[in-house]
Every structure is written in structure tokens, then in C-alpha cells.
Number of protein chains: 2
Amino acid sequence: METSNYHHGDLRRAIIDAALEVISESGPAAVSLRDLARRAGVSHAAPAHHFGDKAGLLTAVATQGFGLLGDVLQRAAGQPEGYLAVGVAYVGFAVEHRAHFEVMFRPELYHADDPELLEAQASTSRILYEGAAPYAQDGGTQTQDAALAAWSLVHGFASLWLSGNLPADLPDDPRDAARRVARVLFPHTAGDIA
Amino acid sequence: METSNYHHGDLRRAIIDAALEVISESGPAAVSLRDLARRAGVSHAAPAHHFGDKAGLLTAVATQGFGLLGDVLQRAAGQPEGYLAVGVAYVGFAVEHRAHFEVMFRPELYHADDPELLEAQASTSRILYEGAAPYAQDGGTQTQDAALAAWSLVHGFASLWLSGNLPADLPDDPRDAARRVARVLFPHTAGDIA
DNA sequence: TATTTATCTTGACACTGACTAGATTACTCG
DNA sequence: CGAGTAATCTAGTCAGTGTCAAGATAAATA
């Protein structure tokens, strides 16, 4: 840290962390490779060596994000509340890892065909789909429709929350607000299924 | 059009239209005032005179978008399908006016405190809220929760559709896909209420 | 017609992402 | 241990960007 300045040691991680900080404060559009380099105390072209590209950096952010989201959802799936907990966790992730979330669903910002990213993406959406199965039989709705409805609902709620378009008289904790709204979709959910 | 080059005549509209074209193809991040000026056959600083700012241009786009969305939803609210039609129309708007939609819910891109914009915003969300009232009584859910659930669902579905995160085996027409998914939320909707 | 106003141009500045060539350090393998 | 290779970072450059200031031109007004 205080010895040679040439080899940073952990520049890749440092750049990603700095990027997350910038995105949290000002959105993905405010990310500048040169600024991140400055924050890490390296030359302006150093980040490009690790990510190739500005889009490459955001690809790394998105991949990390899908991995994190997968972990969060997996953990929630084992809770007594069942699928409702997954939905609430989805919103919780969006708010707590806002920077990741804001990049993940903006494919024009990164290299959407990156293999690592595709794998992380597929792995997390699998959790969404599998969890919805038990709730689909009643009412005659297809499993896929139920999963899509649930995903759409929590994704939309999270997006609207982050963009500040929701009314101000909601619960302070977005998880509580999300739980109330998600119950409209699955009113018969109290922990008795799954 | 072929006479004097100095006064364009309708530059403001020309710039907005060009911006919408660019956004449709490459997203809001790809918008460059200088490029828009080039497309309109005008000097590089001309757009700034009409919008003050790049954010000012996007403010105009967002305001126009909220106005359009309001019209679309208002029209749908009068249809026999009732609130379901409103939800489907919301998704239809997002797909047909993709450029507007992608700017509208990204407040960091524009001047979110612009009075005109705030008015258009409030006016359209009012339609969303009023339409939900008839569907809230049964099941004991609050009116607000029902409205938020519906809005979240269609907004999330539209966002996921636009970002290409939905499975490939859905109906080609996003309206049909949206209708199927929205029915999960209001299964007892066939045109008999409202 | 004279003057005021809106519109547009020109030129400049600091900033950005990307590319190149080169310097420095770490790693590997004899 | 030491030479050679690879990884990492620097320095310089280029075209392109948003924004600002000052001036030119045309339209509207009175």
C-alpha cells in the first residue's frame, strides 16, 4: 500500500468498488474510467488493461450482481414465507445493491454476450422459475405465467422505487412495502405452502 | 427547407425527433447533442439554445412521454376489458414508444424538478390509481396496494421485455404476453366489473 | 423603417474513451 | 539463483463530447 506505486496489487477489485460507489451516487452514466483511475491512484489507462473496455467493466459489475442476486434469492427460498420471501428479497437486493441492479438490467451498457455473465444470468432466473411452480396450479394459471407475474411485479416495484416514482406514503422499509404489494398477487400466502 | 439555412424553422421538434430515433436504436446513453445537430443540418451549439442542456432535451422527451402515456391509458380505461386493458396498454406504450419509456423512468438523465414534467407525471399516475379502485375491495386488499401491484407488474414486465430478459417462448406480440401475465393478478377479470 | 428579440454560428476549454509504445515489476523455470 | 517471459501499469496522443461566451443573422415588433 505504501511501497511501490507501480503494481497496485488489487486494482481490478479497487476499480469495481469505486465504480459501484459512483453508480450508487450518480448512476451508471456518471462512470468515467479516468475518474476511477484517479480514485485508485493509478494512471488514466490502467483500468482498460483489466476490463478492456468501459463496457467490460460494467460487464464485470453485472456479472457480480447476478451472482449476488442468485445467492440472495437462494437463501430466501428456504425461508418459511416461501416464494413471498423470494419476492421481498428481490426488492431488498435492488435497494441494497442499487448499483449492481441498475447495471444488470441495462444490457446496452455492457457486453451482453459475455459467457460468464450469461451463466450467472441463467442461474438466477432458474431460481425465480422453480420457486413459482407450487403457486401456479390453483386458478388454472400456467406455471410460467405465475413466475413471470411474480418476477414482473417485484422487478417493477423495485424499479419504480429506485426511480422515485412511487408515492411518498409507503412504509420506509421497501421490504415491508414490497410484501404488502406482493400479497395482492398471492393473497393465500402465509407460509402454508411449500 | 431549401431557402436560408440560418433559421431552421422547427429545430426544436427536429432535435427531439432525432433524439428519439437515436434512443430507439442505441439507448439514451448514445445521445450526443453534436450528432443531433449534425443530423438536423445545424451548428453544434444550436440544440443547447432550445434545451439549455442535454438534460433539458431529455426533460422534454420525458415530458412528452408522460403526456403520451396519459393519453394511451385514458383511452384504454374506457374499454370493456377495463383495468386489464389499461395494463396491456401500458406495456404496449413501452414497446411502441420505447425511446420515451427508456428516458421517463431514468430521472438522473433529466431535470426531475421541471414543473411541466411533474404535472405530466402526476396526471398519468392519477389514471393508474383511479382505475384500480374497483378491483381492491375483494380479498381485503387496500386500493393503494392493488394499484401499486398492477402498476409494478406491468412496469416490470415492460422493463424486462425491453431489456431482453424474458424467455424466448412468449407470444410475439408483447400485448398478448402481457395480458396473460396480468390475468394472474386479476384472474376474475373478463369485462364484468366496471 | 429602426430596434429589439429569437435563433443560430464560431471558437474555445476541459473532459472523455480508446489506442499505441514503452517502462516497470512479478513470475517461471532452467 | 538468475535469465527470460508475462503481467501490470505509465505516458502520450487522437477524435469526440458538453458547455460556455461572443458574435452574426434573420424575424418580429412598434
Side-chain angles (χ1 to χ4, degrees), chain A residues 1-23 25-62 103 106-112 114, chain B residues 1-23 25-62 103 106-112 114:
Chain A
M1 201 66 83
E2 28 179 313
T3 56
S4 84
N5 256 354
Y6 220 102
H7 277 52
H8 178 283
D10 205 8
L11 182 59
R12 191 186 157 90
R13 174 179 303 266
I15 295 290
I16 291 181
D17 289 349
L20 290 171
E21 198 180 324
V22 172
I23 298 170
E25 290 170 0
S26 322
V31 171
S32 144
L33 291 182
R34 294 175 106 106
D35 176 47
L36 301 181
R38 250 172 265 132
R39 290 171 185 242
V42 296
S43 86
H44 67 261
H49 179 262
H50 287 272
F51 304 100
D53 216 331
K54 184 176 181 180
L57 163 61
L58 296 178
T59 305
V61 169
V103 173
R106 219 156 292 178
E108 75 275 12
L109 294 181
Y110 53 81
H111 297 132
D114 181 272
Chain B
M1 200 68 79
E2 29 178 312
T3 57
S4 85
N5 256 355
Y6 221 102
H7 277 51
H8 178 283
D10 205 7
L11 184 57
R12 189 186 158 91
R13 173 178 303 266
I15 295 290
I16 291 181
D17 289 349
L20 290 171
E21 198 180 324
V22 171
I23 298 170
E25 289 170 1
S26 322
V31 171
S32 145
L33 291 183
R34 294 174 105 106
D35 175 47
L36 300 181
R38 248 173 268 130
R39 290 172 184 243
V42 104
S43 87
H44 67 260
H49 179 261
H50 287 272
F51 304 101
D53 216 333
K54 184 177 181 178
L57 163 61
L58 296 178
T59 305
V61 169
V103 173
R106 220 156 290 179
E108 74 274 13
L109 294 181
Y110 54 80
H111 296 132
D114 181 272

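Chain identifiers are assigned alphabetically (A, B, ...) following the order of the sequence lines, protein sequences preceding nucleic acid strands; residue numbering begins at 1 within each chain.
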*Between B:Ile16 and B:Leu36, is any pair of side-chain heavy atoms under 4.5 Å apart?*
no
*Would you indicate, yes or no, if D:dA7 has its OP1 or OP2 atom less than 4.0 angstrom from a side-chain nitrogen or oxygen of A:His50?*
no
*asked:* Does a side-chain N or O of A:Ser32 approach OP1 or OP2 of C:dC15 to a distance below 4.0 Å, or not?
replied: no
*asked:* If you only use heavy atoms from C-beta on, which nucleotide in C:dT7, C:dG17, D:dC9 is closest to the side chain of A:Ala46?
replied: D:dC9
*Indicate whether OP1 or OP2 belonging to D:dG16 is found under 4.0 Å from a side-chain N or O atom of B:Arg38.*
no
*Mind listing the closest non-hydrogen atom pair of B:Leu11 and B:Ala40 along with its distance?*
CD1-CB, 3.8 Å
*Would you classify B:Arg12 as touching base, sugar-phosphate or nothing, given that sugar-phosphate means primed atoms plus P, OP1 and OP2, and contacts are heavy atoms under 4.0 Å?*
nothing
*Given atom CG of B:Leu57 and atom P of D:dT19, what is their separation to the nearest angstrom?*
10 Å
*Look at the side-chain N and O atoms of A:His44 and state whether any lies under 4.0 Å from the OP1 or OP2 oxygen of D:dG12.*
no
*Rounded distance (Å) that lies between atom P of C:dT25 and atom CG of A:Leu11*: 16 Å
_Could you measure the distance from the CZ atom of A:Arg106 to the CG atom of A:Leu58? Nearest 0.5 Å is fine._
10.5 Å
_Between P on D:dA7 and CG on A:Asp10, what's the gap in Å once rounded to a whole number?_
18 Å
_Is there a side-chain contact between B:Ser43 and the phosphate of C:dC8, meaning an N or O under 4.0 Å from OP1 or OP2?_
no
*Grab the CG-P distance between B:Leu58 and D:dT19 for me, whole Å please.*
10 Å
*Classify the nucleic acid contact of B:Ala45 as base, sugar-phosphate or nothing, counting any heavy atom under 4.0 Å across all strands shown.*
base
*Sub-3.5 Å donor-acceptor pair from the side chain of A:Lys54 to the main-chain atoms of A:Tyr110, do we have one?*
no
*Whole-Å distance between C:dA14 P and A:Asp35 CG?*
18 Å
*Establish whether the base of D:dG18 is bridged to the side chain of B:Arg34 by a donor-acceptor pair shorter than 3.5 Å.*
yes
_Rounding to an integer number of Å, can you tell me how far A:Phe51 CZ sits from C:dT16 P?_
18 Å
*Answer whether the closest heavy-atom distance between the side chains of A:Leu57 and A:His50 falls below 4.5 Å.*
no
*Gap between atoms CG and C1', on A:Leu33 and C:dC15 respectively (whole Å)*: 13 Å
_Using a heavy-atom cut-off of 4.0 Å across all strands, would you classify A:Ala48 as base, sugar-phosphate, or nothing?_
nothing
*Take the protein atom CD1 of A:Ile15 and the nucleotide atom P of C:dG17, then report the distance between them rounded to whole Å.*
11 Å
